[in-house]
A.B. asks: 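Provided herewith is a single structure, encoded as structure tokens, for subsequent inquiry.
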Amino acid sequence: MAQERERGITIQSAAVTFDWKGYRVNLIDTPGHVDFTLEVERCLRVLDGAVAVFDASAGVEAQTLTVWKQADKYNIPRICFLNKMDKTGASFKYAVESIREKLKAKPLLLQLPIGEAKTFKGLVDVISKEKLLWNPSSDDGKDFERKPLLELIDPELLKETTEARNALIEQVADLDDEFADLVLGEFSENFDLLPAEKLQTAIHRVTVAQTAVPVLCGSALKNKGIQPLLDAITMYLPSPEERNYEFLQWYKSDLCALAFKVLHDKQRGPLVFMRIYSGTVKPQLAIHNINGNCTERISRLLLPFADQHVEIPSLTAGNIALTVGLKHTATGDTIVSSKSSALAAAHRAKREGEKKHGKNNEAERLLLAGVEIPEPVFFCTIEPPSVAKQPELDHALKCLQREDPSLKVKLDPDSGQTVLCGMGELHIEIIHDRIKREYGLETYLGPLQVAYRETILNTVRATDTLDRTLGDKRHLVTIELEASPTETSSVMPVIENAENVSEDRLKVFQEAIENGIHSACLQGPLLGSPVQDVAITLHSLIVLPGTSTTMISACVSRCVQKALKKADKQVLEPLMNLEVTVTREYLSPVLADLAQRRGNIQEIQTRQDNKVVVGFVPLAEIMGYSTVLRTITSGSATFALELSSYQAMNPQDQRTLLSQRSGFAKGF
């Protein structure tokens with residue numbers, strides 16, 4: 001994307017396929033910025049293994065931790081690559097230590113660098129005790145030589161490598177019993193005689209079992225250390241056959257795939273990326289989408305080679321395909337060959353499930369787990385240049401939402417404006433930019449606003465009666481309910497019935513009551529923000545026979561609003577985890593600035609020459625922080641933000657907020 005080239009960061013994941021020494025590798029490059037966490041999440045769903053890239057001068061950063069946790073959630077074996085070994089301040093030792101400390105992982109050092117920062121010129125392969133030196137005059141990194149380490153030439157390096165190799169063997173033996181038996185049996189006297197292949201197979205086993213992570217190093221800028229990394233990928237990460245997915249047994253050899261990304265192409269329409277788990281995909285093939293419950297036809301099949309796509313006649317399991325012609329498939333959909341194939345698989349799953357543990361919901365077992373979409377925290381209004389262009393804007397936003405499920409678009413019922421809800425400032429800025437470039441629309445964004453929530457502090461009762469005659473039919477509802485704060489945090493209202501209310505009688509109206517309560521909680525009495533942490537208890541409901549369910553919903557909704565209005569109200573604001581990395585000399589101005597922003601500093605860590613400030617700051621105070629931070633630190637500091645939780649505002653700040661919004665705030 002043009003935006004990626006300008007900013008030098010990854011925004012959308014890109015897929016590429018290449019061959020290396022007889023292996024086919026499907027590579028997906030994912031973003032690292034916190035605003036695009038969802039991109040990472042949906043790609044991890046379809047990976048068999050991952051390479052975690054670190055900056056050797058910074059080690060584990062805030063976002064590294066987030067991505068690492070996501071990989072843990074999907075049980076993905078991984079290799080660590082310490083990049084930028086030639087950057088000033090790069091430290092192999094420090095980076096490895098931070099992996100051990102912060103990620104609580106067991107690093108296996110398969111390489112040692114020769115020189116660091118400006119002196120970095122190559123690396124040592126610990127397993128084979130060879131040194132790899134890159135030709136300093138070659139820029140593309142193709143030109144390097146591999147030499148065995150000799151006592152005469154590099155006595156120091158050889159000693160260090162032998163120690164590292166012995167430590168590696170001991171580490172792997174601790175984690176892998178089969179290897180331990182081998183080491184203690186034949187090679188207990190002399191580790192040097194242990195063949196490299198045996199050690200490599202054992203490292204492969206512990207990597208796939210996720211008990212340890214191999215660590216390699218290099219510099220991507222000059223392509224130093226990339227060839228050994230590719231070798232390590234083919235050697236230590238699992239092939240698709242080694243990954244055991246539970247749902248595959250139900251499909252046997254039928255098609256089963258997951259659509260994990262949609263792109264809109266000007267000429268070809270929507271392109272759907274899918275990971276094939278079993279079976280084969282061919283052009284002109286009709287497929288069935290379980291989530292959307294619809295059947296579509298694939299018109300063409302492409303293999304992605306970066307920005308070039310090569311047409312191919314068929315693709316088998318384990319590959320990533322780009323399909324043209326699917327109009328209704330969205331991110332996270334499960335694709336099978338036909339409805340009958342899905343039913344047959346469901347039937348097998350059901351039979352198996354009943355054998356194991358009674359009955360279970362087979363439809364859910366067939367869907368490959370989709371992707372959890374985080375709640376957006378930033379929102380702002382977006383206006384087309386003229387009313388005539390509104391349909392074009394709607395179309396552009398619809399396409400962008402299919403590509404990026406973390407972008408939400410809603411209509412403000414009061415003003416009729418379109419509101420964009422996103423994961424952060426950068427996210428919304430890029431959406432705005434893409435509408436301009438890809439759809440040729442010059443839109444106007446309103447000021448960024450914060451997604452506040454509301455809650456109540458005490459218990460209140462309210463009653464309401466709705467009595468209407470429409471035509472010759474009388475609708476009469478009388479309701480009494482109570483709203484109270486919940487102990488535990490819950491985004492949706494908790495709905496309960498009082499003891500004197502018979503549940504059987506209410507079954508008929510249950511849906512109408514729930515709809516009424518949910519719609520009342522969408523707009524709170526203070527700011528019109530969603531209400532959370534509220535329990536609604538129904539005390540009595542009298543309904544005249546023949547009353548329509550819409551009337552019941554309307555009455556319930558009005559009554560809940562009445563109760564919420566009567567209660568003591570509280571605004572909740574999003575609190576962000578903030579991590580600022582700053583050099584020593586700028587530490588005090590940064591801390592002073594955070595104190596003004598109602599920041600709460602948890603700790604100040606030391607990361608080599610830098611200080612890392614960790615704390616919480618309300619989102620409202622951090623708008624436009626990047627510009628301010630750049631100014632006070634002369635551009636030397638970086639920061640990472642992530643939603644932590646919603647927290648009650650103090651009364652003074654709440655009054656200020658409400659008086660600022662008094663133009664459209666409801667009475668306090």
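Numbering starts at 1 and runs along the sequence shown.
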A.B. asks: Would you give the length of the straight line joining atom CG of Asp433 to atom CD1 of Ile428, rounded to the nearest 0.5 angstrom?
C.D. replies: 13.5 Å

A.B. asks: Donor-acceptor pairs under 3.5 Å, side chain of residues 323-330 to any protein atom, not counting sequence neighbours: which ones?
C.D. replies:
{"residue": "Thr323", "atom": "OG1", "partner": "Val272", "partner atom": "O", "Å": "3.1"}
{"residue": "Thr329", "atom": "OG1", "partner": "Glu296", "partner atom": "OE2", "Å": "2.8"}

A.B. asks: How long is the gap from CG on Asp464 to CD on Gln561, to the nearest 0.5 Å?
C.D. replies: 10.0 Å

A.B. asks: Identify the heavy atoms of Cys380 and Pro447 that sit nearest to each other, and give their distance.
C.D. replies: CB-O, 3.6 Å

A.B. asks: Is the shortest side-chain heavy-atom distance between Thr418 and Gln390 below 4.5 Å?
C.D. replies: yes

A.B. asks: Are side-chain heavy atoms of Val46 and Met274 found at a separation under 4.5 Å?
C.D. replies: no

A.B. asks: Shortest non-hydrogen contact from Tyr646 to Leu572?
C.D. replies: CD2-O, 3.9 Å

A.B. asks: So do Leu526 and Gln654 actually touch side chain to side chain, heavy atoms under 4.5 Å?
C.D. replies: yes

A.B. asks: Please say whether the positively charged group of Arg275, taken as NZ for Lys or CZ for Arg, lies over the ring of Phe273, i.e. under 6.0 angstrom from the six-membered ring centre and within 45 degrees of the axis.
C.D. replies: no

A.B. asks: Does Gln417 CD have over 12 foreign heavy atoms under 6.0 Å away?
C.D. replies: yes

A.B. asks: Between Ser529 and Tyr452, which heavy-atom pair has the shortest distance, and what is it?
C.D. replies: CB-O, 3.2 Å

A.B. asks: Does any part of the side chain of Leu255, heavy atoms only, come nearer than 4.5 Å to the side chain of Val281, both counted from C-beta?
C.D. replies: yes

A.B. asks: Could you check whether the rings of Tyr625 and Phe639 sit parallel, tilted or perpendicular, using 30° and 60° as the cut-offs?
C.D. replies: perpendicular

A.B. asks: Report yes if some heavy atom in the side chain of Leu420 is under 4.5 Å from a heavy atom in the side chain of His432; otherwise report no.
C.D. replies: no

A.B. asks: Would you say that Val450 contacts Glu573 through its side chain, given a criterion of any heavy-atom pair below 4.5 Å between the two side chains?
C.D. replies: no

A.B. asks: For the residue pair Ile435 and Ile431, establish whether any side-chain heavy-atom pair is separated by less than 4.5 Å.
C.D. replies: yes

A.B. asks: Working to the nearest 0.5 angstrom, can you tell me the gap between Thr334 OG1 and Asn289 CG?
C.D. replies: 7.5 Å

